[in-house]
Amino acid sequence: MTHPVQPPPGEALPRDIAARKDFIREKVSADVASGRFGRPVHTRFPPEPNGFLHIGHAKSICLNFGIAREFAGRCNLRFDDTNPATEDLRYVDAIREDVRWLGFAWDEERFASDYFERLYEIAEAMVREGKAYVDSDREERIRAARGTVIEPGTPSPFRDRTAGENLELLRRMRAGEFPDGAHVLRARIDMAHPNMLMRDPLLLRIRHAEHYRRGAEWCVYPLYDFAHGLSDAFEGITHSLCTLEFKDNRDLYDWLVHEAGFARPPEQTEFARLELDYTVLSKRKLLRLVNEGHVAGWDDPRMPTIAGLRRRGVTPEAIRAFADTIGVARSDARIELATLEHAVRDDLNMRVPRVMVVARPLKLVITNYPEERVETLDAPLYPHDVPLTGSRPVPFSRELWIERDDFLEQPPKKFFRLSQGREVRLRYGYLVTCTGVVKDAAGEIVEVHATYDPATRGGDAPDGRRVQGTIHWVSARHALDCELRLYDRLFARADPDDVPEGQDFVAALNPNSLVTARGAKAEPSVAAAPPGSRYQFERTGYFMSDPIDSRPDALVFNRTVALRDSWARLKDR
RNA sequence: UGGCCCUUCGUCCAACGGCAGGACAGCGGACUUUGGAUCCGUCAAUGGUGGUUCGAAUCCACCAGGGCCAACCA
């Protein structure tokens, strides 16, 4: 077996990578081996700049750029900007940033709008050859004449215009002599074709609109099918990868590149688009969430957009690892959120420092600890099994904040945390034993009292006695107030489209997708955290200081993902 | 009432006519100064029927279920 795969510099080539990967890489391998294209592997990522990229796009980006990298080929970034009504430069910039952030560099940056001239010339050539004609029927009549999936279409009354007539009309369309919708250019294929896409598809339509790059220079705009395959061909793309719903478009893709005379045209291959539980991945739906204010914007940390994931604290490495584990295939797949969360934790575990932050503070008073005394404990930033070193000073004093959930008056079986008479370890601090509680008039616990064992400084008992529980804490006197944004799934249903008749996905939104914990207490070592700093808050989850809202005097942390919580599972039984 | 595509553990992906395997999730255990991590173990699948074959997840036929296609969107 030949190995066309090039290892990245400095890395060993994993054995049999070419043999074991997905069906697309197998195909590319075979094409490289046969020399079918007579040119290096060349892929492209072709977003339409009408919205932000999401994790589904990340799958495609990893595929296209990944294949180019593995086969020592090239990958273009091409903006498929053929619809002036919906596209915007703002999205072009966002897309560039997201692709780069994911860790990929494109070889050439292209725009379909740069090809308008060439496409128009091909249109004229097709007209001259009788392969295309100008249809002057009204839009509704064209639609009606297309037939249905079970009935053939009927030819347009304009289908038999002479090449001369068509050419003149096309030139006048181009010259701006007609209003929007007056004429369209159509391919002359077969109005009875079983594939509806082949029933004389529209190629050009008139739009007197301002294009974000071409201004008012053009008033005829190509449709997707006309622009896409030919753009691939212009760029010498070999493998044109897209999602399954474009399968039917492949007939037309092949027809067009053939008619345009390309000798070894690109080949389109389709794969299943990503679907994720408790999420929507459609730019149309995401745009609605933004426009209707269900989220704070495209980069709201609850959004499955690259920008949202980034702001939430997810790393590009985690997204790439996720893309790797879900694979590429042709069957419709809905991925469980746990798969993504695992990729995120797996990456963060190995790289972020640990600190202590109390989300819902409850006062713990160490009654036998001197009032004015403060000790500085040295606490490691990483656990024993992470190969990074470092520590930070953590102040300890008589009054501490602990997590409300870590004290229970009536502890159930298997509850290892604090309750009356119980001894627990304060992480890196002392062993303390609960001696009582103070309640307010309403019966709410406002303080927990405990005594500490001075011999257990650092958390080890010299007599070797074991405690079941270890809890985190923050010295009250030294605590930093901060805000925690606790994000959860955006939708309450695994399939947000699965809602009762008459409702849509908006009805499936999770009302608790964001819980804000104000008045959380952080240990002083995070005071210097610049925006975008990642931590693990011990026993709680991975957090990142919000790159926009967090300030030194008003820290804000986004929860990227919670830690696995086996107590929560136990408790629910 | 058409064309095309898909169907393997709960989920995702492999096995390309020759012992159905991995990951995630779950469960059990070991370890543990995070109920984290790690390690070990374990549960768990070829949609159905027929055919071809020494042998079928794999090839064929039919059936069932799911998806895409009737925008001057992409």
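All values reported here derive from a predicted model rather than from experimental measurement. Just so it is clear, the values below take in all heavy atoms, side chains as well, and ignore hydrogens, waters and symmetry mates. Chain A is the first sequence line, chain B the second, and so forth, proteins listed ahead of strands; every chain is numbered from 1.
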Classify [X] by what it touches in the nucleic acid, base, sugar-phosphate, or nothing, heavy-atom distance under 4.0 Å.
X: A:Asn83; answer: sugar-phosphate
X: A:Arg466; answer: sugar-phosphate
X: A:Arg564; answer: sugar-phosphate
X: A:Arg354; answer: base
X: A:Glu538; answer: base
X: A:Phe415; answer: base
X: A:Phe246; answer: base
X: A:Leu223; answer: sugar-phosphate
X: A:Lys414; answer: base
X: A:Gln536; answer: base
X: A:Thr86; answer: nothing
X: A:Asn249; answer: base
X: A:Ile471; answer: nothing
X: A:Leu244; answer: nothing

- So does A:Ser331 get a side-chain nitrogen or oxygen closer than 4.0 Å to the phosphate oxygens (OP1/OP2) of B:G66? no
- Message: Between A:Arg569 and B:C27, is there a contact of a side-chain N or O with OP1 or OP2 at under 4.0 Å?
- Response: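 Yes, such a contact exists.
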In whole angstroms, how far is the [atom2] atom of [N] from the [atom1] atom of [X]?
X: A:Lys247; N: B:C6; atom1: NZ; atom2: C1'; result: 12 Å
X: A:Ile206; N: B:A71; atom1: CD1; atom2: P; result: 20 Å
X: A:Glu336; N: B:G26; atom1: CD; atom2: C1'; result: 10 Å
X: A:Asp22; N: B:G22; atom1: CG; atom2: C1'; result: 15 Å

- Could you give me the CA-CA distance, side-chain angles and deciding distance for A:Phe396 and A:Tyr430, then say whether ring pair (Phe, Tyr, Trp, His ring centres under 6.0 Å) is met? CA-CA 9 Å; A:Phe396 186 93; A:Tyr430 290 94; 5.1 Å; yes
Salt bridge between [X] and [Y], side-chain N to carboxylate O under 4.0 Å?
X: A:Arg188; Y: A:Asp200; value: no
X: A:Asp565; Y: A:Arg569; value: no
X: A:Arg78; Y: A:Glu235; value: yes
X: A:Asp463; Y: A:Arg465; value: yes
X: A:Arg539; Y: A:Asp406; value: yes

- First encountered from the 5' end of RNA chain B, between A:Ala568 and A:Thr339: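 The residue mapped nearer the 5' terminus is A:Thr339.
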- Query: How do A:Ala329 and A:Thr470 order along RNA chain B: which one's closest nucleotide is nearer the 5' end?
  - Reply: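 So the residue in question is A:Ala329.
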- Message: Parallel, tilted or perpendicular, judged at 30° and 60°: which one describes the rings of A:Tyr115 and A:Phe234?
- Response: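 If you compare the ring of A:Tyr115 with that of A:Phe234, the planes turn out perpendicular.
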- Message: Angle between ring planes, A:Phe79 versus A:Phe111, binned at 30° and 60°: parallel, tilted or perpendicular?
- Response: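 Taking A:Phe111 first and then A:Phe79, their aromatic rings lie parallel (interplane angle under 30°).
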- Query: Which glycosidic conformation, syn or anti, is assigned to B:A71 if syn requires a torsion within 90° of zero?
  - Reply: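 Syn conformation for B:A71.
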N/O donor-acceptor pair, side chain [X] with base [N], under 3.5 angstrom:
X: A:Glu26; N: B:C16; value: yes
X: A:Asp248; N: B:G3; value: yes
X: A:Asp385; N: B:G36; value: yes
X: A:Glu151; N: B:G2; value: no
X: A:Arg345; N: B:G36; value: no

- Task: Taking the six-membered ring of A:Trp218 (Phe, Tyr or Trp), confirm whether the NZ or CZ of A:Arg174 is under 6.0 Å from its centre and within 45° of its axis.
- Result: yes
- Cation-pi geometry met for A:Arg534 and A:Phe543 (6.0 Å, 45°): no
- Message: Taking B:U52 as the reference, what is the distance to B:A57 when you measure between their C1' atoms (whole Å, please)?
- Response: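 Roughly 16 Å separates the two C1' atoms.
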- Message: Say we look at B:U7 and B:C13: how far apart would their C1' atoms be, to the nearest angstrom?
- Response: 14 Å
- Query: Does RNA chain B take part in any stems of at least 3 consecutive Watson-Crick or G-U pairs (both distances under 3.5 Å), and if so, which ones?
  - Reply: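 The stems are B:2-7 with B:64-69, B:10-13 with B:21-24, B:26-30 with B:38-42, B:47-51 with B:59-63.
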- Side chain of A:Glu245: nearest nucleotide among B:C68, B:G2, B:C73?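 It is B:C68.
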- Item | Per-pair stack call A:Trp567 and B:G35, 5.5 Å, 30° |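 Ring-base stacking flag set for A:Trp567 and B:G35.
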